[in-house]
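This report refers to the structure that appears directly beneath it.
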There are 2 protein chains.
Amino acid sequence: MNPAAAASRRTASAALQTKDRILDAAEKLFSLYGFDAASVRMIAAAAKVNLAAINYHFQSKEALLLAVYERRVAPINARRVELLRSYLKGSVGRPLKSEPILEAFLRPAIEILDEAPHIPMLMVRTVYLQDRETFREIFDALFRPVSLEFFEALRLALPHLSGPQLFLRMQFFLGSFLQMMAARRAMEGLQGFPELPAPEEMMRQLIHYTAAGLRVRALESSK
Amino acid sequence: MNPAAAASRRTASAALQTKDRILDAAEKLFSLYGFDAASVRMIAAAAKVNLAAINYHFQSKEALLLAVYERRVAPINARRVELLRSYLKGSVGRPLKSEPILEAFLRPAIEILDEAPHIPMLMVRTVYLQDRETFREIFDALFRPVSLEFFEALRLALPHLSGPQLFLRMQFFLGSFLQMMAARRAMEGLQGFPELPAPEEMMRQLIHYTAAGLRVRALESSK
DNA sequence: GATCAACTCAAACGGACGTTTGTATGAACC
DNA sequence: GGTTCATACAAACGTCCGTTTGAGTTGATC
């Protein structure tokens, strides 16, 4: 609507180019340095646009971050749900095993690593650094539907776990996933650690490890 | 040395009171808002000290963060190693199982949750947000020795895993741990999620889950 | 009681920040 | 061909930042 109308007026790409360049630069710098440390001036310089262009196209720095999230996270989550549903369709009568469910969650995130290797840090920041109210709302809106759908799928795959028990183990899995995504960058420059495998291989290993952890019998409450 | 000399001169507690109040406030605000968003003025106000007192007692904001880390993280890691070694001594001839190793790592962190419930966020930020060179150095110095000792212990407990495979699974565990620590705060204010168990119970569940994941056979490389 | 170091405090420093303003530009429309 | 409107740009706005200054206060030491 708004961008389309704009595109029809001008060279049909000038403004879009600007907006996209801003989004690309913002994504990268927010990921690398965080929301506070990445200044609007840095972003403008990296995108090679005028400083005021950022507040013109997006209304504020916060809204820019929101736009970055929307553009990147929404497709990943859509892809996750799409994969999960196709796997569910594939396993006609019987409940799915946990492995394909985990893969449906992981693969879309793994796949963007090639085109945007800095994305993991953005995701980590999304999950952990929702300091401001705005950010918590973004997080909740983007991830809640996906979480619920995967929760229900895993419930069927793991009938030996109660709801709260499964939820806790999903938290453990989520942590492992984020750590896997962030580990490479967190370790860069540090000496003496083993090399990390390629993303696809790390994903296989994480699925294998997590499936074993999810499979193990429920631990009765203490006392 | 420096603080001791100071204490002997003045009321023997005035300056120390100030330094500790600054450290307490800084720890809390760094944890809650992050290094950038927590301003020196906020910290001074929270600690009820004069603004300049912070640059007087610590030389800079970065050095203050470093002091906060030192005070809190170093004891936790010392306790971890102490626990691990006592467990190793206890299991005379035979290699330790992985469960007590995990517990030795987790318990010291769990225990400070009561006196400083905001610490998990500080730890998460430590691990994930080492944007500045200074912070990476702190992290490396504080955690490397501990990591190595736990790595060696787990190596003996899990002889079916190669070094790189074990390292990767330790990353998964570390992620689960951080998520467990941060989950409560990350979820507060959000509706419709199951209640999280008490810290001690979460730790038990995490040990159970992780031991199963560590135990499972090694996955041969693909292709 | 003078000396001196440790400490507190109010005020100011220069700089970076996010945002706004006002003007210029240039294609699309009448 | 003049008007319109989305966009670009340079410059400035006020605010907050981390840090420094310099004068004051305190209490132990001799």
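This is a predicted model, so every value here is computed, not measured.
Counting to the nearest Å, the C1' atom of dA8(D) and the CD atom of Q17(A) are 14 Å from each other. Computed from coordinates, the K48(B) NZ to dC9(C) C1' distance equals 17 Å when rounded to whole Å. For the pair I43(A) CD1 and dT19(C) C1', the interatomic distance rounds to 14 Å; values are reported in whole Å. One atom, CZ of F58(B), and another, P of dC7(C), lie 11 Å apart when rounded to the nearest Å. Distance R21(B) CZ to dC7(C) P: 14 Å, rounded to the nearest Å.
Checking the phosphate oxygens (OP1, OP2) of dA6(C), no side-chain nitrogen or oxygen of H57(B) falls inside 4.0 Å. Note on N50(B): a side-chain N or O is less than 4.0 Å away from OP1 or OP2 of dA10(C).
Shown here are the side-chain hydrogen bond (donor to acceptor under 3.5 Å, both in side chains) partners of E111(B), two or more places apart in sequence or in another chain: R79(B). P145(B) is linked by a side chain to side chain contact (heavy atoms under 4.5 Å, CB included) to nothing, counting only residues two or more places apart in sequence or in another chain. Not a single side chain to side chain contact (heavy atoms under 4.5 Å, CB included) links A78(B) to another residue, sequence neighbours left out. Applying the ring pair (Phe, Tyr, Trp, His ring centres under 6.0 Å) rule to F167(B) yields the partners F193(A); only residues at least two apart in sequence or on another chain are considered. The side-chain hydrogen bond (donor to acceptor under 3.5 Å, both in side chains) search around N77(A) returns R80(A), not counting sequence neighbours. Residues satisfying the side-chain hydrogen bond (donor to acceptor under 3.5 Å, both in side chains) criterion with D24(B), sequence neighbours excluded, are R71(B). By the ring pair (Phe, Tyr, Trp, His ring centres under 6.0 Å) test, F150(A) is found to be paired with F105(A), residues two or more places apart in sequence or in another chain being considered.
The shortest side-chain heavy-atom distance between L23(A) and L64(A) falls under the 4.5 Å cut-off.
Rounded to 10 degrees, the angle separating the terminal helix axes of the helix from dG1(C)-dC30(D) to dC30(C)-dG1(D), each built from five base pairs, is 10°.
Nearest nucleotide to the T18(A) side chain, out of dC7(C), dC9(D), dA8(D): dA8(D).
Between the side chain of K61(A) and the main chain of F35(A), a donor-acceptor pair closer than 3.5 Å is present.
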Which protein N or O atoms sit under 3.5 Å from an N or O of nucleotides 17-20 of chain D?
{"unit_1": "dC17(D)", "atom_1": "OP1", "unit_2": "S39(B)", "atom_2": "OG", "d": "3.2"}
{"unit_1": "dG18(D)", "atom_1": "OP1", "unit_2": "K61(B)", "atom_2": "NZ", "d": "2.4"}
{"unit_1": "dG18(D)", "atom_1": "OP2", "unit_2": "V40(B)", "atom_2": "N", "d": "2.8"}
{"unit_1": "dG18(D)", "atom_1": "N7", "unit_2": "R41(B)", "atom_2": "NH1", "d": "2.6"}
{"unit_1": "dG18(D)", "atom_1": "O6", "unit_2": "R41(B)", "atom_2": "NH2", "d": "2.7"}
{"unit_1": "dT19(D)", "atom_1": "OP2", "unit_2": "N55(B)", "atom_2": "ND2", "d": "3.3"}
{"unit_1": "dT19(D)", "atom_1": "OP2", "unit_2": "K61(B)", "atom_2": "N", "d": "2.8"}
{"unit_1": "dT19(D)", "atom_1": "O5'", "unit_2": "N55(B)", "atom_2": "ND2", "d": "3.3"}

